[in-house]
Participant: 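Sending over a structure as structure tokens; questions will come in a sec.
As the structure lists them, so they are numbered: ligands from 1, and atoms in each ligand from 1.
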Amino acid sequence: MALEVRARAPGKIILSGEHAVVHGFTAVAAAIDLHTYVYFRLHSTSDNDDGLVELELKDLGLVFSWPSQRLREMFSELGLPSKTCSPECLKVITSLVEELSFPEAKIGLSSGVSAFLYLYTSIIGYRPGKVRVTSDLPLGSGLGSSASFCVSVSAALLALSGAVCADNQQKGWFVMRENELELVNKWAFQGERIIHGKPSGIDNTVSTFGSMIMFRLSELTRLKSSGPIRMLITNTKVGRNTKALVAGVSERTQRHPDAMAAVFTAVDSISKELSDVIQSAAHDDVSITAKEEKLEELMEMNQGLLQCMGVSHASIETVLRTTLRYKLASKLTGAGGGGCVLTLLPTLLPSTIVDKVISELEACGFQCLKVEVGGKGLEVCFT
Ligand SMILES: Nc1ncnc2c1ncn2[C@@H]1O[C@H](COP(=O)(O)OP(=O)(O)OP(=O)(O)O)[C@@H](O)[C@H]1O
Ligand SMILES: C[C@@](O)(CCO)CC(=O)[O-]
Ligand SMILES: [Mg+2]
């Protein structure tokens, strides 16, 4: 059995339907070419059993470790492995994480470390090992950093536990079988539950399977675009937390159930129409432009409804106003409240205009990035 593995899982954008998807309505998401990378080395059984379980967050210069014997003692009464994190299990994890010291600005990491401890002890048990994580994704910005963290960690742990890839002969990076991806996705969802509270599962699903998907109530439909879709992502750098934003929308839904049901239903229609437009044929400049104009209008409508849900932010509004001056349509992506904004870059838009918008946005202190959407999902590598 292999003792070393790497996994990489992409971040995502949500083209339509964030928040509504948590309440059972349709959303559309796509993988982007920014990843979280995990390297996992399992110590061999001949090493003594009182070694450490280590988590290194390399970009952040942080290392956390726990004596495996201590984990065994703390969790032993819970009867691992468990398929979901029970309140008792979360209590044990919280007490372990509270002992760690996080830099003031990185306090949000505690939920990621909790998800890690849950996944490690549930999948591997108490055998010592080292997990190293690096990421291209800005953390807590709407690009699915939490999901790509949970997917890549789950995949690496499952690969060395023997639950997936047991008969693998492939060299280099490869994609697991469909049923193996489904297993990774289930564990990653449990990790997301610890970080988000009430995730819909769309972020971990698109990170695992890649491509562009329509998603509703855990069901995914893969979408095939007839041409490339280019987006500008603007990171407002305003920090936010998905768990709090999702809880805020749920509270508004409790206060105004009928009005919010109408908002969610409208989002549902937008997501379905957007899926149809994405898949519609467009082969010449006229039909491509017509398709892109429909996408822009739907994105603008979705942004209006996200404002109704209370998840926009002054920084997001600044991006919307700036891009509108260039006749470009934008919407927030992910949980909102700051974080990232999407702007559709039409195929025929001259690159000089793109450069101008980017420099205007960057002059406001934002960070811009051009991406093509709908790329690969999770991959692993044993060599
Ligand atoms: N590379 C990582 N290492 C450790 N923890 C991480 C990493 N990436 C994400 N996390 C955890 O996920 C949290 C951010 O998740 P959150 O859901 O709030 O934002 P997001 O996933 O980037 O955005 P969205 O959910 O809107 O797409 C971090 O505070 C941290 O706890
Ligand atoms: C805000 C939300 O809809 C998307 C976050 O990327 C939360 C979720 O679906 O889990
Ligand atoms: Mg998240």
Side-chain angles (χ1 to χ4, degrees), residues 7-32 34-38 55-64 97 100 102-103 105-117 119 131-153 188-189 191-207 213 215-218 233 235 238-250 264 267 271 302 306 309-311 332-342:
R8 63 180 180 208
K12 60 92 220 306
I13 54 166
I14 296 191
L15 288 107
S16 160
E18 47 275 90
H19 290 290
V21 69
V22 174
H23 299 268
F25 296 85
T26 312
V28 179
I32 55 173
L34 296 174
H35 296 81
T36 299
Y37 304 83
V38 169
L55 171 64
E56 179 181 4
L57 304 178
K58 195 153 184 278
D59 314 308
L60 306 167
L62 296 172
V63 182
F64 305 103
V97 172
L100 306 172
F102 294 94
K106 305 264 182 274
I107 203 77
L109 281 177
S110 59
S111 61
V113 176
S114 300
F116 166 80
L117 269 175
L119 293 169
V131 173
R132 189 190 309 129
V133 182
T134 57
S135 188
D136 304 328
L137 290 158
L139 268 53
S141 300
L143 300 182
S145 70
S146 62
S148 78
F149 174 74
C150 292
V151 171
S152 48
V153 168
F189 179 69
E192 276 278 84
R193 284 185 63 221
I194 294 174
I195 298 173
H196 273 207
K198 195 186 168 196
S200 63
I202 189 170
D203 291 1
N204 49 281
T205 300
V206 75
S207 180
I213 63 168
F215 183 93
R216 180 174 170 267
L217 295 172
S218 303
I233 296 177
N235 186 355
V238 172
R240 34 41 106 237
N241 163 317
T242 298
K243 187 174 186 176
L245 286 151
V246 168
V249 173
S250 293
F264 292 150
V267 172
S271 297
N302 190 186
L306 286 159
M309 293 179 211
V311 294
L332 69 84
T333 190
C340 288
V341 180
L342 286 183

Participant: Based purely on interatomic distance, does Gly144 place a nitrogen or oxygen under 3.5 Å from a nitrogen or oxygen of ligand 1?
Facilitator: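 Min N/O separation from ligand 1 is below 3.5 Å for Gly144.
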Participant: Report the part of Ser148 (side chain from C-beta onward, or backbone N, CA, C, O) that has a heavy atom under 4.0 Å from ligand 1; answer both or neither where that applies.
Facilitator: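 The answer is neither; Ser148 stays 4.0 Å or more away.
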Participant: Side chain or backbone, does Ser146 bring an N or O within less than 3.5 Å of an N or O on ligand 1?
Facilitator: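 By distance alone, the answer is yes.
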Participant: Could you report the tightest heavy-atom contact between Ala27 and Ser271, atom names first, then the distance?
Facilitator: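 The answer is CA-OG, 3.7 Å.
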Participant: Does Lys12 reach ligand 1 with a nitrogen or oxygen that is under 3.5 Å from one of the ligand's nitrogen or oxygen atoms?
Facilitator: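 N/O-N/O distance under 3.5 Å: yes.
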Participant: Do Gly140 and ligand 1 have an N or O pair less than 3.5 Å apart?
Facilitator: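 Right, the criterion is met.
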Participant: Ligand 1 and Ser135, any nitrogen or oxygen pair closer than 3.5 angstrom?
Facilitator: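 No: no nitrogen or oxygen of Ser135 is under 3.5 Å from one in ligand 1.
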Participant: If you have a sec, work out which protein heavy atom is nearest atom 16 (P) of ligand 1 and how many Å separate them, to one decimal?
Facilitator: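 The protein heavy atom lying closest is Thr242 OG1, 3.3 Å.
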Participant: Examine Asp203 against ligand 2 and note whether any of their N/O atoms are separated by less than 3.5 Å.
Facilitator: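 In this structure, Asp203 places an N or O atom under 3.5 Å from an N or O of ligand 2.
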Participant: Counting from 1, what ligand 2 atoms have a heavy atom of Pro199 closer than 4.0 Å?
Facilitator: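 Answer, ordered by atom number: 10 (O).
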Participant: Work out whether the distance between some heavy atom of Glu192 and some atom of ligand 2 is less than 4.0 Å.
Facilitator: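 The answer is no, since Glu192 has no heavy atom less than 4.0 Å from ligand 2.
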Participant: What's the spacing between Ser145 OG and Lys12 NZ if we round to 0.5 Å?
Facilitator: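 That separation rounds to 8.5 Å.
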Participant: Examine the proximity of ligand 1 to Leu109 and report which part, side chain or backbone, both or neither, has a heavy atom under 4.0 Å away.
Facilitator: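 The part of Leu109 near ligand 1 is both the backbone and the side chain.
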Participant: How long is the straight-line distance from CD1 of Ile233 back to CD1 of Ile32, given to the nearest 0.5 Å?
Facilitator: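 The CD1 atom of Ile233 is 4.0 Å from CD1 of Ile32, to the nearest 0.5 Å.
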Participant: Any N/O of Thr242 closer than 3.5 Å to an N/O of ligand 2?
Facilitator: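 Between Thr242 and ligand 2, no N or O pair is found under 3.5 Å apart.
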Participant: Could you give the distance from CD1 (Ile14) to CD1 (Ile202), rounded to the nearest 0.5 Å?
Facilitator: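 Going from the CD1 atom of Ile14 to the CD1 atom of Ile202 covers 4.5 Å.
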Participant: Need the ligand 1 atom indices (1-based, order shown) with element for anything under 4.0 Å from a heavy-atom of His196.
Facilitator: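 Answer for ligand 1: 17 (O), 25 (O).
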Participant: Give a yes/no verdict on whether any heavy atom in Lys106 is under 4.0 Å from an atom of ligand 1.
Facilitator: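 Under 4.0 Å: no for Lys106.
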Participant: I want to know if ligand 1 touches Gly108 in the polar sense, i.e. an N/O pair below 3.5 angstrom.
Facilitator: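 Yes, there is a polar N/O contact under 3.5 Å.
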Participant: Using distance alone, determine whether Leu57 and ligand 1 share an N or O pair under 3.5 Å.
Facilitator: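 By distance alone, the answer is no.
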Participant: Please work out which of Gly334, Ala20, Ser200 has its closest non-hydrogen atom nearest to atom 10 (O) of ligand 2.
Facilitator: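 Looking at heavy atoms only, the winner is Ser200.
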Participant: I need the Ile213 CD1 to Thr205 OG1 distance, nearest 0.5 Å.
Facilitator: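 Separation between the atoms: 5.5 Å.
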Participant: Counting only heavy atoms, which portion of Leu245 has something under 4.0 Å from ligand 2: side chain, backbone, both, or neither?
Facilitator: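 Under 4.0 Å from ligand 2, Leu245 contributes no heavy atoms.
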Participant: Residues two or more places apart in sequence or in another chain: which of them pass side chain to side chain contact (heavy atoms under 4.5 Å, CB included) with Ser146?
Facilitator: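 Listed in chain order: Glu192, Ile195, His196.
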Participant: Students should be able to answer this: which protein heavy-atom is nearest to atom 22 (O) of ligand 1, and at what distance?
Facilitator: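 Answer for atom 22 (O) of ligand 1: Ser145 OG, 2.7 Å.
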Participant: Hey, does Lys12 come in under 3.5 Å of ligand 2, counting only N/O atoms on both sides?
Facilitator: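 Yes - when backbone and side-chain N and O of Lys12 are compared with those of ligand 2, one distance drops under 3.5 Å.
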Participant: Is Lys243 in polar range of ligand 1, meaning some N or O pair under 3.5 Å apart?
Facilitator: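 No; every N/O pair is 3.5 Å or more apart.
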Participant: Please report whether ligand 1 has a polar contact with Ala147, defined as an N or O pair separated by less than 3.5 Å (distance criterion only).
Facilitator: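 Such a contact does not occur with ligand 1.
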Participant: Please report the number of protein N, O or S atoms that lie less than 2.8 Å from the Mg ion (ligand 3).
Facilitator: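 Total protein N/O/S atoms under 2.8 Å from the Mg ion (ligand 3): 2.
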Participant: Going by distance only, is there an N or O of Phe149 that falls short of 3.5 Å from an N or O of ligand 1?
Facilitator: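 No, since none of the N or O atoms of Phe149 sits under 3.5 Å from an N or O of ligand 1.
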Participant: How does Leu143 reach ligand 1, by side chain, by backbone, by both or by neither, if only non-hydrogen atoms under 4.0 Å count?
Facilitator: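 Leu143 to ligand 1: backbone contact only, side chain stays beyond 4.0 Å.
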Participant: Are any non-hydrogen side-chain atoms of Phe116 and Leu55 less than 4.5 angstrom apart?
Facilitator: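 Answer yes - side chains close enough.
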